[in-house]
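This chain uses plain numbering: 1 for the first residue, then up along the sequence. Ligands are counted one by one from 1 in listed order, and the atoms in each one are counted from 1 as well.
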Amino acid sequence: MVSPLDDVDRIMEVMAKAFPAEFGEAWNRRQVSDALLLAGTHYALIAQDGALTLPAHEQAAGFYLSRGLFDEEELLLFAIAPEWRRRGLGHALLRQFITGARDRGKKRLFLEMRRNNPAGILYASHGFRPVGIRPRYYRASNGDRIDAITQELVLE
Ligand SMILES: CC(C)(COP(=O)(O)OP(=O)(O)OC[C@H]1O[C@@H](n2cnc3c(N)ncnc32)[C@H](O)[C@@H]1OP(=O)(O)O)[C@@H](O)C(=O)NCCC(=O)NCCS
């Protein structure tokens, strides 16, 4: 019998492929496991066909991980594996995050992204707006410093 895939394994498999190595944004397994033990942490997986519930042996095409505090929630990790991009899975997963947070009673959502990350186009299409800049916050492996842009979505 094949054992069911553990959700941390599924997250780590996407994580290993999804984040460009030069920015050091990916979390390690310990960071993910520890985060999942904290109250207020939420996550969802998405399958290659866009389903948000995965059969026991299916690998994920993407995931998000967020943490809520009071009436706010921050999207900490959001990724679709490279081979499944530009098919609408990012839209579906972001919609799931926003809907889930609203259902959890959240009023304001936040995230932080590298300036010029194409993910910004996706976030803007769901109503996120830039509300702050941390100048030169990210350090690329070639030494370049890149601003972090804080984005906010106020839920009605
Ligand atoms: C950002 C990310 C999650 C998008 O996933 P995706 O499944 O490709 O997203 P979608 O197919 O739903 O695309 C949604 C829209 O976002 C925009 N978009 C996404 N990737 C883009 C890119 N590389 N260049 C330009 N626009 C892009 C487009 O408007 C796209 O719509 P379109 O395909 O109809 O033109 C994915 O590229 C990713 O995992 N990137 C690496 C991790 C990362 O940077 N996460 C965000 C951290 S803040």
Side-chain angles (χ1 to χ4, degrees), residues 5 7-36 38 40-55 58-69 72-102 106 108-155:
L5 287 167
D7 283 353
V8 178
D9 289 336
R10 290 163 149 154
I11 288 172
M12 293 314 297
E13 210 215 9
V14 175
M15 187 98 68
K17 298 187 271 192
F19 290 93
E22 69 259 41
F23 302 114
E25 293 167 312
W27 291 16
N28 63 34
R29 189 182 179 90
R30 177 71 185 269
Q31 289 172 300
V32 172
S33 306
D34 287 354
L36 294 180
L38 294 176
T41 299
H42 302 278
Y43 74 95
L45 305 172
I46 191 162
Q48 297 156 16
D49 64 358
L52 293 157
T53 309
L54 275 68
E58 189 172 319
Q59 290 171 334
F63 73 95
Y64 82 75
L65 188 148
S66 64
R67 186 166 311 136
L69 187 66
E72 298 181 353
E73 190 156 327
E74 182 173 2
L75 186 61
L76 297 170
L77 291 167
F78 181 73
I80 301 293
E83 63 271 34
W84 300 108
R85 288 183 191 160
R86 303 306 291 266
R87 299 160 192 239
L89 295 181
H91 273 303
L93 190 60
L94 192 59
R95 204 174 300 118
Q96 171 71 7
F97 165 62
I98 295 167
T99 306
R102 185 180 277 119
K106 305 303 177 186
R108 296 188 334 146
L109 308 183
F110 291 96
L111 62 88
E112 206 152 78
M113 54 166 265
R114 263 178 289 115
R115 186 190 285 285
N116 295 332
N117 186 339
I121 302 165
L122 173 59
Y123 297 140
S125 72
H126 286 259
F128 279 87
R129 297 288 171 257
V131 290
I133 298 175
R134 292 183 201 234
R136 299 163 58 79
Y137 182 75
Y138 295 99
R139 187 203 300 264
S141 53
N142 67 1
D144 286 355
R145 306 299 294 249
I146 302 161
D147 298 344
I149 312 290
T150 305
Q151 307 249 10
E152 179 191 41
L153 174 62
V154 178
L155 298 177

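Under the 4.0 Å distance rule, the nearest protein heavy atom to atom 46 (C) of ligand 1 falls inside the cut-off. There is no protein heavy atom less than 4.0 angstrom from atom 34 (O) of ligand 1.
Atom CD of Glu112 is separated from atom CD of Glu152 by 13.0 Å, given to the nearest 0.5 angstrom. Going from atom CG of Leu77 over to atom CZ of Phe19 covers 5.0 Å, rounded to the nearest 0.5 Å.
Within ligand 1, counting atoms from 1 as listed, the ones closer than 4.0 Å to a heavy atom of Ala18 are 41 (C), 42 (C). Within ligand 1, counting atoms from 1 as listed, the ones closer than 4.0 Å to a heavy atom of Arg87 are 11 (O). Close approach of ligand 1 to Gly88 (heavy-atom distance below 4.0 Å) involves ligand atoms 10 (P), 11 (O), 12 (O). The atoms of ligand 1 that sit less than 4.0 Å from any heavy atom of Met113 are 48 (S). Using a 4.0 Å cut-off to heavy atoms of His91, the atoms of ligand 1 that qualify are 12 (O), 14 (C), 15 (C). Close contacts of ligand 1 with Ala119, meaning ligand atoms under 4.0 Å from a residue heavy atom, involve 1 (C), 46 (C).
Considering Gly50, Ser125, Gly90 only, the shortest heavy-atom separation from atom 7 (O) of ligand 1 involves Gly90. For the residues Arg86, Met15, Arg85, the heavy atom positioned nearest atom 20 (N) of ligand 1 is part of Arg86.
Taking distance alone, with nitrogen or oxygen atoms compared against 3.5 Å, Glu112 stays at or beyond that limit from ligand 1. The N/O atoms of Ala79, backbone and side chain alike, include none that comes under 3.5 Å of an N/O atom in ligand 1. Considering both main-chain and side-chain atoms, Tyr123 never comes within under 3.5 Å of ligand 1 through any nitrogen or oxygen pair.
Between Leu36 and Leu65 the shortest side-chain heavy-atom distance falls below 4.5 Å. Between Arg29 and Met15, the closest side-chain pair of non-hydrogen atoms is not below 4.5 Å. Put simply, the side chain of Trp84 does not reach to within 4.5 Å of the side chain of Ile46, judged on heavy atoms. A heavy-atom distance below 4.5 Å is found between the side chains of Phe128 and Leu109.
Without hydrogens or angle criteria, Arg10 side chain to Glu58 main chain gives a donor-acceptor distance under 3.5 Å. Panel note: side chain Asn28, backbone Gln31; a donor-acceptor pair is recorded below 3.5 Å. For Thr99 (side chain) and Gln96 (main-chain N/O), no donor-acceptor pair under 3.5 Å exists by modelled atom type. Under a 3.5 Å cut-off, the side chain of Ser66 and the backbone N or O of Glu73 do not form any donor-acceptor pair.
Of all protein heavy atoms, the one lying nearest to atom 3 (C) of ligand 1 is Phe78 CE2, 3.5 Å. Counting only heavy atoms of the protein, atom 29 (O) of ligand 1 lies nearest to Ile121 CG2, 3.3 Å. At the shortest separation from atom 16 (O) of ligand 1 among protein heavy atoms lies Leu122 CB, 3.5 Å.
Contacts of Asn117 with ligand 1, taken as heavy-atom pairs under 4.0 Å, involve the side chain alone. Residue Phe23 does not touch ligand 1, judged by heavy-atom distances below 4.0 Å. With a 4.0 Å cut-off on non-hydrogen atoms, Ile80 touches ligand 1 through its backbone as well as its side chain.
Between Tyr64 and Phe97, the ring-plane angle classifies as perpendicular under the 30° and 60° cut-offs.
Not a single heavy atom of Leu111 sits less than 4.0 Å from an atom of ligand 1.
Remark: Arg115 pairs with Asp147 by the side chain to side chain donor-acceptor pair (under 3.5 Å) rule, at least two apart or across chains.
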